[in-house]
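These values consider heavy atoms only, across backbone and side chains, with no hydrogens, waters or symmetry-generated copies. Naming: A, B, ... by sequence-line order, numbering from 1 per chain.
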2 protein chains.
Amino acid sequence: MRDRDYLGEFEHIIVLALLRLDDRAYGVTVRQEIELRTDREVSIGAVYATLDRLETKGYVTSHRGDPTPERGGRSKRFFRVTAKGVTAVSRTHRALQNMTEGLGSFGVTYDVATPSR
Amino acid sequence: MRDRDYLGEFEHIIVLALLRLDDRAYGVTVRQEIELRTDREVSIGAVYATLDRLETKGYVTSHRGDPTPERGGRSKRFFRVTAKGVTAVSRTHRALQNMTEGLGSFGVTYDVATPSR
DNA sequence: CATTATCTATACAATATAGAACAAATGTTT
DNA sequence: AAACATTTGTTCTATATTGTATAGATAATG
């Protein structure tokens, strides 16, 4: 993998969730944060699969937390964004910004076509 | 396909390019615009594949232009974003914004981990 | 040992990417 | 003007990477 890659759409969202959650970021909270802030349903498997890939790529790290004293308190796997990860979000973010700037709030200002079907 | 879907990362970029280029948007200019504004190499095949997919989903339409009187002036296939397409960018854009807001310029403010490997 | 929360494994669908092949126009050569 | 070269543009084919859901395994408490 070239280290110039951009984050995929969902990867992007996930990394942002980690940054927001700071040291409270683990599978379940990540999912919640996304469902809360975007109006989108997320399957937990999707979250873990993506987190694993991000870890493989060196964009995040994970470590086991201690079990908490609650029923079902299995130990959590906490995630954290690496410096490399931050670089990647920034790059992705910047690209999007460069493409967007000057467009106004599209959909209002720009007249559009209708689908053929 | 549910009409609640988000644009993939590259789809997003492509649609933004179309909006910028307005009525000058066809394969080659789309590619140029992206390479110009993001610091990214784009293969022409990727552009068309994505444009086709977007058209199938009703996010863009295309029509043939007349051949132009220049060397190599083969007729172009012009693309245009549909209302549905604009809705989709907006939705994608908003989701990203909601996830980003309050984060400051990440990378500066947030302290990060180092990759395990 | 039933219940709860979390994580893992796996499979499949959708998206992204590269590159070569093909097409249509004009320019050049003889 | 026929043949061939050059330029610009599109299509096709193949493959890799991302995104997604589901089912089931684990580890804790009551």
Walking DNA chain D from its 5' end, the first of Arg77(B) and Arg71(B) to be reached, judged by nearest nucleotide, is Arg71(B)
Practice task
Look at Glu11(A) together with Arg53(A) and state whether they make a salt bridge at an N to O cut-off of under 4.0 Å.
Solution key: no
Among the nucleotides dT20(D), dT18(D), dT17(C), whichever has the atom closest to the side chain of Lys57(A) is dT18(D)
Hey, does Gly45(A) reach any base, or is it just sugar-phosphate, or nothing, if we go heavy atoms under 4.0 Å? base
Comparing nearest nucleotides in DNA chain D, the 5'-proximal residue of the pair Arg74(A), Gly8(A) is Gly8(A)
When rounded to whole Å, the CG to P distance for the pair Leu7(B) and dT15(C) reads 9 Å
Rounded to whole Å, the CG-P distance (Leu51(A) to dA21(D)) equals 15 Å
Tyr26(A) atom OH is separated from dA27(D) atom P, nearest whole Å, by 18 Å
Of the candidates dG19(D), dT6(C), dG9(D), the side chain of Lys76(B) sits closest to dG9(D)
In whole angstroms, the gap separating C1' of dT15(C) from OH of Tyr6(A) amounts to 17 Å
I'd like to know if Arg64(B) reaches the base of dG9(D) with its side chain, counting only an N/O donor and acceptor under 3.5 Å.
no
Among the nucleotides dA16(C), dT11(D), dG19(D), whichever has the atom closest to the side chain of Glu9(A) is dG19(D)
Out of dA16(C), dA20(C), dT20(D), minimum distance to the side chain of Arg40(A) belongs to dT20(D)
Checking dT11(D), dA16(C), dT6(C) against the side chain of Thr50(B) (C-beta onward), the nearest is dA16(C)
Separation of dT15(C) atom P from Asp52(B) atom CG, nearest Å, is 13 Å
Considering only heavy side-chain atoms of Ser43(A), the closest of dA21(D), dT17(C), dT6(C) is dA21(D)
task: Go through Val42(A) and Val30(A) one step at a time and tell me if the side-chain contact (heavy atoms from CB on, under 4.5 Å) criterion holds.
output: CA-CA 10 Å; Val42(A) 175; Val30(A) 167; over 6 Å; no
Interatomic distance, CG@Leu36(B) vs OG1@Thr29(B), rounded to 0.5 Å, equals 12.0 Å
Taking dT17(C), dA20(C), dT20(D) as options, the one with an atom nearest any side-chain atom of Arg53(A) is dT20(D)
In terms of heavy-atom contacts, Met99(B) and Arg20(A) come closest through O-NE, 2.8 Å
When rounded to whole Å, the CD1 to P distance for the pair Ile14(B) and dT17(C) reads 10 Å
Side chain of Thr82(A), backbone of Tyr59(A): donor and acceptor closer than 3.5 Å?
-> yes
Ile44(A) CD1 to dT4(C) P, in whole Å, measures 18 Å
To the nearest angstrom, the CZ-C1' distance between Arg31(B) and dG19(C) comes to 11 Å
